[in-house]
Colleague: 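Next up is a structure, given as structure tokens.
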Amino acid sequence: MKINIAYLYPLLLNIYGDRGNIIAFTHRCLWRGIQVEAHEINLGDKIDPEKYDFYFIGGGQDQQQIAVSEEFQKQKQFLVEAAETKAVFLSICGGYQLLGHYYKPHQGDELKGISILDAYTVAGHNRFIGNVTVETNLLAGNVNTLTGFENHSGLTYLEQGTEAIGRIIVGNGNNGKDKTEGARKNNVFGAYLHGSFLPKNPHFTDYLIKLSLERNYGQQELPCLDDKFEWAAHNKAVKRKY
Ligand code: GLN
């Protein structure tokens with residue numbers, strides 16, 4: 001089995017170790033004999049929606065989001081097609097904001113997203129910085145916490161058609177008010193969880209790997225791995241109270 005990864009705009013959106021998500025995803029595949037080919041997609045590169053099973057986009061500054069928002073409008077039809085044909089997307093923070101309808105920064109124009117999540121984001125007056133713990137229903141039968149680190153001022157609101165990935169236990173999440181964190185619509189996921197996110201959430205990584213395989217190979221069981229370091233990191237993080 002093989003998974004093709006598209007790493008979207010790593011030269012622009014790739015902050016607080018977000019690249020670690022690609023590394024964790026790739027290694028948890030390779031350790032099980034699943035082949036992985038990861039391609040970086042940069043400005044001007046045409047996206048082939050048939051080719052990629054897993055798309056990742058990280059976070060960054062408002063300035064970099066302007067360039068990605070413009071490029072996204074050129075690539076939108078391919079990304080929408082990918083989402084409609086069950087490719088899996090994981091987006092973090094600034095990237096997450098642009099998978100929704102728009103991000104309105106403090107200054108300047110609204111930055112258009114690609115609307116594969118029903119969500120919109122407006123810059124707030126405070127910055128949410130700190131550890132986050134979330135309780136999720138997505139991982140039936142598994143540990144139900146997710147953990148990461150947030151640093152954003154954008155306030156994200158979900159609309160009908162898109163659910164949160166979980167409920168905030170520690171931290172602020174989408175907007176600091178409604179206790180939601182992240183977004184999910186079919187196979188498209190967004191979260192404010194830097195950290196990196198996937199290395200200390202091995203159960204969520206495996207969930208994304210399974211979904212990515214499903215597109216070409218149907219439902220697959222993944223052999224267990226020795227996760228003691230990953231779980232030590234996870235458990236330490238969820239014990240933090242702030
Ligand atoms: N510019 C966005 C915000 O502050 C994204 C920040 C990030 O990706 N870390 O809301």
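Atoms within a ligand are numbered from 1 in the order they appear, just like the ligands themselves.
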Colleague: Should you measure from each heavy atom of Arg127, which atoms of ligand 1 turn up under 4.0 Å away?
Modeller: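 Checking each atom against Arg127, I get 4 (O).
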
Colleague: Under 3.5 Å, is there a donor-acceptor pair linking the side chains of His194 and Asn151?
Modeller: no

Colleague: Any side-chain donor-acceptor pair under 3.5 Å between Thr156 and Tyr192?
Modeller: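 Yes - a donor-acceptor pair under 3.5 Å links their side chains.
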
Colleague: Assign the ring pair Phe204 / Tyr207 to parallel, tilted or perpendicular, where the plane angle (0 to 90°) is split at 30° and 60°.
Modeller: tilted

Colleague: Which residue owns the protein heavy atom closest to atom 3 (C) of ligand 1, what's the atom, and how far is it?
Modeller: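 The closest heavy atom on the protein side is Ser153 N, 3.5 Å.
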
Colleague: For His152 and ligand 1, does the shortest N/O to N/O distance drop below 3.5 Å?
Modeller: no

Colleague: Among the heavy atoms of Glu150, does any lie under 4.0 Å from an atom of ligand 1?
Modeller: no

Colleague: Please report which non-hydrogen protein atom sits nearest to atom 7 (C) of ligand 1, along with the residue it belongs to and the distance in Å to one decimal place.
Modeller: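 For this ligand atom, the closest protein heavy atom is Cys93 SG, 2.8 Å.
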
Colleague: In the protein, which heavy atom is nearest to atom 1 (N) of ligand 1, and how far is it?
Modeller: Asp62 OD1, 2.4 Å

Colleague: Determine, using ring centers only, whether Tyr52 and His39 are less than 6.0 Å apart.
Modeller: yes

Colleague: Are any of the heavy atoms in Tyr103 under 4.0 Å away from ligand 1?
Modeller: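 Contact check Tyr103 vs ligand 1: positive.
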
Colleague: If I apply the N/O under 3.5 Å rule, does Gly94 come out as touching ligand 1?
Modeller: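 Yes, since at least one N or O of Gly94 sits under 3.5 Å from an N or O of ligand 1.
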
Colleague: For Tyr217 and Lys2, test the side chains for any donor-to-acceptor distance below 3.5 angstrom and give the result as yes or no.
Modeller: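 Looking only at side-chain atoms, Lys2 and Tyr217 do not form any donor-acceptor pair under 3.5 Å.
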
Colleague: Can a donor-acceptor pair be found between the side chains of Asn216 and Asp53 at a distance below 3.5 Å?
Modeller: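 A pair is found: one side chain offers a donor N or O, the other an acceptor, under 3.5 Å apart.
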
Colleague: What atoms of ligand 1 come closer than 4.0 angstrom to any heavy atom of Gln65?
Modeller: 1 (N), 2 (C), 5 (C)

Colleague: Tell me which one of Gly154, Gly60, Gly59 gets a heavy atom nearest to atom 5 (C) of ligand 1.
Modeller: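 The nearest heavy atom belongs to Gly60.
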
Colleague: Might you point out which heavy atoms bring Val36 and Cys29 nearest each other, and give the distance in Å?
Modeller: CG2-CB, 3.4 Å

Colleague: Tell me whether His194 has any N or O atom under 3.5 angstrom from an N or O of ligand 1.
Modeller: yes

Colleague: State whether the shortest distance between N or O atoms of Asn151 and N or O atoms of ligand 1 falls below 3.5 angstrom.
Modeller: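 Between Asn151 and ligand 1, an N or O pair is found under 3.5 Å apart.
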
Colleague: Could you check whether Gln65 and Gln61, counting side-chain N and O atoms only, form a donor-acceptor pair closer than 3.5 Å?
Modeller: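 No.
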
